[in-house]
Every structure is written in C-alpha cells, then in structure tokens.
K.L.:
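I am attaching a structure below and will ask some questions about it afterwards.
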Amino acid sequence: MTKELSTHTEQHNFAFQFLRVFIVLLLLGRSYQAFVFDLPFRTVFWDEYMLKDIIESLTSDTWQAYVTNKSFPTDSFIIAIQWCFGGIWLLTALGIAFGLTKKRIVQGFIWLSSFLLLTLALCYSKERFWQLGQFFEYAAQVSSPVFFLWIVTHSKSITSIHFFIQIAVSITFISHGLYAIGFYPQPDYWLQWCQDVFLFASDRQASVFLIVMGVLDLVAAIGIFIPFLRKWSLLYCVIWGFMTALARIYCNFDVTIPVTSFLHWWHESAYRILHGGLPLYMYLTWYKSSSKG
C-alpha cells in the first residue's frame, strides 16, 4: 500500500494512510446503510407531484396502483437500487483498503462512488424541501474519494489539491453551522445529544450552546483560508468533526443491548468520521511535515 505514494515523505504517507482509513469507513458505512437500512430514494420515487403524470402515462395505471406495487414493483425496484449503491460502495472500499487504486477499474469505481454519494446528497436535500445546507453538508463525503484518487495518481504534485480540500471542508462546516445557529431549524436530536453529552438542563441551554458552536463552525470555515488562523481552525474542525460524528453512536448506545445498539448506529458515525478526518489530513500534511503554517 505504501507504494501508492512512493515519492512522498514519511509524514505525508502517515497522513495519507489516515485518510485511507477515513474514506474506507465512509464507504463501508454508506454500504451498510444501503444493505440494512433505507436510503432516501422513496422521497423521489414516491413524489406524486413530480412523477404522477409520468407514471400514469407510462403504465396506463393510477398513481395509487404504482405506489402500492400493483402496476409496478416499486418497493422492490427501490431496494434493488439501494443494493446496487451499497455493492459499489463496498467494492470501492475494498479496493481502497487493499491499495488497488492504481488499477483503472478501481479508479472507475472511485469516480462512480463519488457520483452515487452526490446522488444521495441530492435525495437528502429533496427530503428536506431542497435545503441547500443539507446538500452542501455532504461536500466532504462526496469529494473525498476523488481527492484520494488525485493524491494517488498525482503524488508528485498533491499540493495542487489542497485548496480544493479546504473548500470541501469549509462548505461542510458552513452548512453544519447554518443548522446550529438556527438559519435552518435546529434538529431536535442535536438538542438532545447536547443535553446527553454536556448535561445541559434544558433545550434552551442546549440551543444556545449550538448557536455558539455554529458561529465557531462559520469562523473556522473561513479561518482555514487565513494563514495565521489556519492551524487553529483546522484543529477545531478536527475535534468538533470527530465529536459530532461519534455522538451518533455515543448518545444512542444502550448498554443493556450493546450489540444491537452498535449494529444500529455504528455506520452513522463511520460515514461522518471524515468530517474530522479530512481536516486532520490537512493538519498533518501542513503542520507535522514542516514548521511552516
């Protein structure tokens, strides 16, 4: 696996291996979600306003027959698409994990995986009434496999991709921050998690805390482009990115049913761990390989 970056310094290779782990976790988490749970495809395929006229003209049947699987096996079709997505993400994760990214077929799967992650982000955005913040919150997840491929195939000039990684991290944290400050409605489960982790006594205290963290998200998202703020902004993104990812399993874990809890929630932490992992990669390559900030 280290041959992928044979021209790099030891520190770059160290950061690169961390990035590999985070992207494999992202793809495994999404794959597990596709195989075991639901992807938000029904928000598209069961959208009466968008598809009713099309379905009724193609099937010569009613919309009700379509959504109840009488004229077309809609539910089975959706599940089949999910499994295709999950299979592609799983195969890509294995290719990356075993250092096969020099092979053209694996490179093709990486591009396809990113496209499928983009499709997933669009579906989640539609589910939230096309909130742009919901769509752009997945910027780091969508782009990271392609960034990884670029680093592998352009190992002599990877600094050219750093600016685009900064943009992806910034967009992710801006989007996350917009929910936290209340530009979009603060998710109820965020408030509950804040109370569980930080022991706030009320929703009001948790809400104020989220607003503060949302402001810090926005400051950090800008600060990573400012040389004298970049180091501390990246460290903030690393810490808060990991914390918000791990909160999914920590706050929902039930010690009375540990295996069931883990199997139900691990993937939600796995595919979000990249939110801290991508800025960690930037921090390691910039501040641990040299003394320059």
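Counting from 1, the numbers follow the sequence of the chain as shown. Because the structure is a prediction, the values reported are computed rather than measured.
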K.L.:
Is the closest side-chain heavy-atom distance between I54 and L51 below 4.5 Å?
P.N.:
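A side-chain contact exists here, since the closest heavy-atom pair is under 4.5 Å.
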
K.L.:
If you define the side chain from C-beta out and look only at heavy atoms, does anything of W63 sit under 4.5 Å from D53?
P.N.:
no

K.L.:
Quick one: do K126 and D47 make a salt bridge, cutoff under 4.0 Å?
P.N.:
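Yes, this pair counts.
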
K.L.:
Between W240 and H275, does the ring centre distance come in under 6.0 Å?
P.N.:
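Centroid distance W240-H275: not below 6.0 Å, so no.
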
K.L.:
Between S31 (side chain only) and L27 (backbone N and O only), is there a donor and an acceptor less than 3.5 Å apart?
P.N.:
no

K.L.:
Take a 6.0 Å sphere around CZ of F129 and say whether it holds more than 12 heavy atoms from other residues, nucleotides or ligands.
P.N.:
no

K.L.:
Q131 side chain to S125 main-chain N or O, any donor-acceptor pair under 3.5 Å?
P.N.:
no

K.L.:
I'd like to know if V215 and Y236 are part of one continuous hydrophobic network [Ile/Leu/Val/Met/Phe/Trp/Tyr, side-chain heavy atoms within less than 4.5 Å].
P.N.:
yes

K.L.:
Rounded to the nearest 0.5 Å, what separates atom CD1 in I55 from atom CD in E48?
P.N.:
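I55 atom CD1 to E48 atom CD measures 11.5 Å (nearest 0.5 Å).
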
K.L.:
Using a strict cut-off of less than 4.0 Å between a Lys/Arg side-chain nitrogen and an Asp/Glu carboxylate oxygen, indicate whether D75 and R42 qualify as a salt bridge.
P.N.:
yes

K.L.:
Tell me whether the rings of F16 and F148 are parallel (<30°), tilted (30 to 60°) or perpendicular (>60°).
P.N.:
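Correct class here is parallel.
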
K.L.:
For C123, is there any backbone N or O sitting under 3.5 Å from a side-chain donor or acceptor partner on E127?
P.N.:
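Answer holds: no.
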
K.L.:
Rounded to the nearest 0.5 Å, how far does CD1 of I174 lie from CZ of F136?
P.N.:
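Here the interatomic distance stands at 10.5 Å.
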
K.L.:
Would you check if the side chain of S114 reaches a backbone N or O of S143 as a donor-acceptor pair within less than 3.5 Å?
P.N.:
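Looks like no, no N/O pair under 3.5 Å.
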
K.L.:
Short question: side chain of T101, backbone of L149 - any donor-acceptor pair under 3.5 Å?
P.N.:
no

K.L.:
Under 30°, 30 to 60°, or over 60°: which ring-plane class applies to F18 and F14, parallel, tilted or perpendicular?
P.N.:
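Plane angle over 60°, so perpendicular.
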
K.L.:
Taking C-beta and beyond as the side chain, do D254 and T260 meet within less than 4.5 Å on heavy atoms?
P.N.:
no

K.L.:
Between F22 and F242, does the ring centre distance come in under 6.0 Å?
P.N.:
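Yes; F242 has its ring centre under 6.0 Å from that of F22.
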
K.L.:
Step by step, work out the ring pair (Phe, Tyr, Trp, His ring centres under 6.0 Å) result for W265 and F253.
P.N.:
CA-CA 8 Å; W265 292 105; F253 192 79; over 10 Å; no

K.L.:
Can you classify the ring geometry of F209 versus F200 as parallel (below 30°), tilted (30 to 60°) or perpendicular (above 60°)?
P.N.:
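Tilted, since the angle between the ring planes falls between 30° and 60°.
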
K.L.:
Treating R248 as the side-chain partner and T244 as the backbone partner, does any N or O pair qualify as donor plus acceptor under 3.5 Å?
P.N.:
yes

K.L.:
Can you classify the ring geometry of H267 versus F37 as parallel (below 30°), tilted (30 to 60°) or perpendicular (above 60°)?
P.N.:
parallel

K.L.:
Could you check whether any side-chain heavy atom of R30 comes within less than 4.5 Å of a side-chain heavy atom of L116, counting everything from C-beta outward?
P.N.:
no

K.L.:
Are the side chains of C251 and V197 in touch, meaning some heavy atoms are under 4.5 Å apart?
P.N.:
yes

K.L.:
Suppose we call two aromatic rings close when their centres sit under 6.0 Å apart. Are W193 and Y250 close by that rule?
P.N.:
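No: the rings miss the under 6.0 Å criterion.
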
